[in-house]
Amino acid sequence: MVKKLANPIQQVLEAERAAEAEIAAAQAAAEAAVTEARQQAPIILQRNENRTQRAVERYEKQQSKLRKLQSHALRQKLAAKLAGEQALLDAHFDQVVAGIFKDLWPQADPS
């Protein structure tokens, strides 16, 4: 706060000193904040790295679980299809064997 001085020059000088003191205090506070931020930066970086690593591990675990579920569903689907094809083959096995014998068995020469 500026005192009421009779001399205007003294008033200006007093205001300059007050402003310089305020600037110096602000600079000191800013430097302290920067110093603290520099000290905290490695800690924050490490914490963020740990969080990122945990997130990656969770994602990989989820993807592995999803892959297992998808492969299990695919195996079940293919097993059902294979069973259907096997049943169809079993149903027509005799016809297939007869057709193969007919095509491959030597035929007696009709002459």
Contacts of type side chain to side chain contact (heavy atoms under 4.5 Å, CB included), residue Phe93, not counting sequence neighbours:
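If we apply the side chain to side chain contact (heavy atoms under 4.5 Å, CB included) test to Phe93, skipping adjacent residues, the hits are Val97.
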Any side-chain heavy-atom pair from Glu85 and Leu89 closer than 4.5 angstrom?
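No, every pair of side-chain atoms sits at 4.5 Å or beyond.
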Do the non-hydrogen side-chain atoms of Lys81 and Lys77 ever get within less than 4.5 Å of each other?
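Lys81 does not reach Lys77 side chain to side chain.
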With ILVMFWY side chains joined below 4.5 Å, transitively, what does [X]'s cluster contain besides itself?
X: Leu13; result: Ile9
X: Leu78; result: Leu74
X: Leu104; result: Val96, Ile100

Salt bridge check, Glu14 against Arg17: does any charged N sit closer than 4.0 Å to a carboxylate O?
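So Arg17 pairs with Glu14 through a salt bridge.
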Result block: side-chain N/O donor-acceptor pairs under 3.5 angstrom for residues 60-71, not counting sequence neighbours:
from: Ser71; atom 1: OG; to: Arg67; atom 2: O; distance (Å): 3.2
from: Ser71; atom 1: OG; to: Lys68; atom 2: O; distance (Å): 3.0

Has Gln76 got more than 12 heavy atoms of other residues, nucleotides or ligands less than 6.0 Å from its CD?
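Yes.
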Please determine whether the number of non-hydrogen atoms from other residues, nucleotides or ligands lying under 6.0 Å from atom CD of Glu57 exceeds 12.
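More than 12 heavy atoms, drawn from other residues, nucleotides or ligands, come within 6.0 Å of this atom.
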Could you measure the distance from the NZ atom of Lys102 to the CD atom of Gln95? Nearest 0.5 Å is fine.
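Reported to 0.5 Å precision, the distance equals 12.0 Å.
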Looking at CZ of Arg51 and CD of Gln46, how far apart are the two atoms once the value is rounded to the nearest 0.5 Å?
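Rounded to the nearest 0.5 Å, the CZ-CD separation comes to 12.0 Å.
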How would you list, by chain and number, every residue that makes a salt bridge (Lys or Arg N to Asp or Glu O under 4.0 Å) with Arg47, sequence neighbours excluded?
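Here no residue qualifies.
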